[in-house]
Amino acid sequence: ILERLLALEENQRQLQRQLAERDARIEDLEQRLSTGAASGELQTLAVAPQSSSMAAAQVQPLPAETQAKSHVSSGKFNGGGRGYELANTDFGSLNFSGWSYVRYLNQQGLDDSYTDSFGREFDIDIRNDFQVNKVNLTFNGWVYDEDFRWLLYTWTSNTSQGESAQVVVAGNLKYRFNDAVDVGFGIDPLPGTRSTTGTFPYWLKVDHRTMADDFFRPSYTTGMWSAGKLGDNFRYKAMLGNNLSQLGVNASRLGEDLDTFSARLDWLPTTGEFGPANGLDDFQMHEDLATLFGIAATYSVEDPQSQPGTEDINNSQIRLSDGTRIFQPGACATDGRITEATYQMLAMDAGMKLKGFSLMGEYYWRWVDDLKVEGDVPVDDLFDHGLQVQTSYMFMPEYLQGYLAASKIFGEYGDPWDTSVGVNWYPFRERLLRVNGELLYMKDSPIGYSSIPYQVGGNGLVFHANLEMKF
């Protein structure tokens, strides 16, 4: 019994020594790992037997090529609206960005009713309210190959709360073969006018266009496209899509033919660039004259089923110049209706920037013909044309900007127009955070929905103020 007790005591002493050695080794490993992490050197543990009962861990650095492939970073802030870099690895990247604005809108200066070209009188819902008008949350990056990029986003129009049109979840996939061929698939705007070619949010106004631009333009649709550079001074985009404006349209309502096409060519002859996203202002204070000339053409066969609702996000409608939607029953005050129409539009624009001053103009020609009708419709075709002009000046560089904008439509059912004066204040001297105030006068507006300041048939003054942010 005594021998057994002595043996047990010896075993206990050996176990205590082993536990102490283990604790010491753990402490040593923790110190080495902490030192490696602080220096940015990734390490691995190689375990070799030390004795019959214990193993010792040794710290060995990874080979240099393995360390390069294992590099991971996160939490970086990118300027210029590119958001936060959440991850950047050898197999892909992940960025998050957001955009939103709060608007105060006062339409009490508008007439409370209007009469269209056919003598029909309509009431106008005058507004005076605050709204978190829109919110856009975007994730983007690349995966497996830096030329294979992805974009996913949610887009809300809070003025349509309670309706199906309030939220859009969308995105696209793109692969860049070279600078001249960058192919995309998914949802994107048809490049039919200057404002639908990726210039947003580098506009003078906050999230709304001039009357003529909104009247003539196409919108977002699902399709495929190619875009890129042609030499040093030319840019292009060509897109084949489902219809003129798909957001809010059920796929079962689309026609069986792919017959919507839009293409654009830009020429930048002097400096080969026109600022971020080819935007409208000269926040960057160009020291040399920057110029841009563009031409775009759009073609689409449309029918009533493929039209979005009037409150759907960024919707565009084919309207008469008095605001009447051509596909609505009895549009021309008869018992007939249009069941199909071919939309064709040509737009040309030019712009310049120099030392805080900017000027741009755009002209539109639109033909609507090849009408298919049921019943009596006293129209065979439509032709409307119009223009817009916008100019701005940085009174205090990167801090205070003033702008003027005007547009006019020459239509078969009226010649509406608008003009506006506004101020942009950049309190942090960052282009994508601003306070905006605008006084807008409209005459017989043919456009309008709740997320923009215009009302269909609107005649009079509107004031709105906005706080806009994009990161």
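- Residues passing the side-chain contact (heavy atoms from CB on, under 4.5 Å) test with V456, sequence neighbours excluded: Y114, R319.
- Crowding of W367 atom CH2: a count of heavy atoms from other residues, nucleotides or ligands under 6.0 Å exceeding 12.
- A side-chain contact (heavy atoms from CB on, under 4.5 Å) with R127 is found for one member of N106, L110, V462, T159 and no other, namely T159.
- For F428, the side-chain contact (heavy atoms from CB on, under 4.5 Å) criterion is met by E430, L433, not counting sequence neighbours.
- Scored by the salt bridge (Lys or Arg N to Asp or Glu O under 4.0 Å) test, E340 finds K372 as partners (sequence neighbours excluded).
- Remark: R337 engages E374 in a salt bridge (Lys or Arg N to Asp or Glu O under 4.0 Å) (not counting sequence neighbours).
- With sequence neighbours excluded, the residues satisfying side-chain hydrogen bond (donor to acceptor under 3.5 Å, both in side chains) with T271 are E273.
- W203 and F200 have perpendicular rings, their planes meeting at more than 60° on a 0 to 90° scale where under 30° would count as parallel.
- Scored by the side-chain contact (heavy atoms from CB on, under 4.5 Å) test, S100 finds V132, V135 as partners (sequence neighbours excluded).
- Take K205 and apply the salt bridge (Lys or Arg N to Asp or Glu O under 4.0 Å) test, not counting sequence neighbours, and it matches E438.
- Cation-pi geometry between K237 and W225 is satisfied (NZ or CZ under 6.0 Å from the ring centre, within 45° of the ring normal).
- Here ring-ring contact (aromatic ring centres under 6.0 Å, His included) pairs that include residues 430-451, with residues two or more places apart or in two chains, are W417-Y441.
- A search for side-chain hydrogen bond (donor to acceptor under 3.5 Å, both in side chains) contacts involving D322 returns S117, T324, not counting sequence neighbours.
- Among residue pairs with one or both ends in residues 343-352, those qualifying as side-chain hydrogen bond (donor to acceptor under 3.5 Å, both in side chains) are R264-D349; sequence neighbours excluded.
- A tilted orientation is assigned to the rings of H286 and F274, their planes being inclined by 30° to 60°.
- For the pair K408 and F410, the cation sits on the ring face: its NZ or CZ lies under 6.0 Å from the ring centre, inside 45° of the axis.
- In this view, Q317 and N315 satisfy the side-chain hydrogen bond (donor to acceptor under 3.5 Å, both in side chains) rule, not counting sequence neighbours.
- Scanning for salt bridge (Lys or Arg N to Asp or Glu O under 4.0 Å) contacts around K134 gives D207, with sequence neighbours left out.
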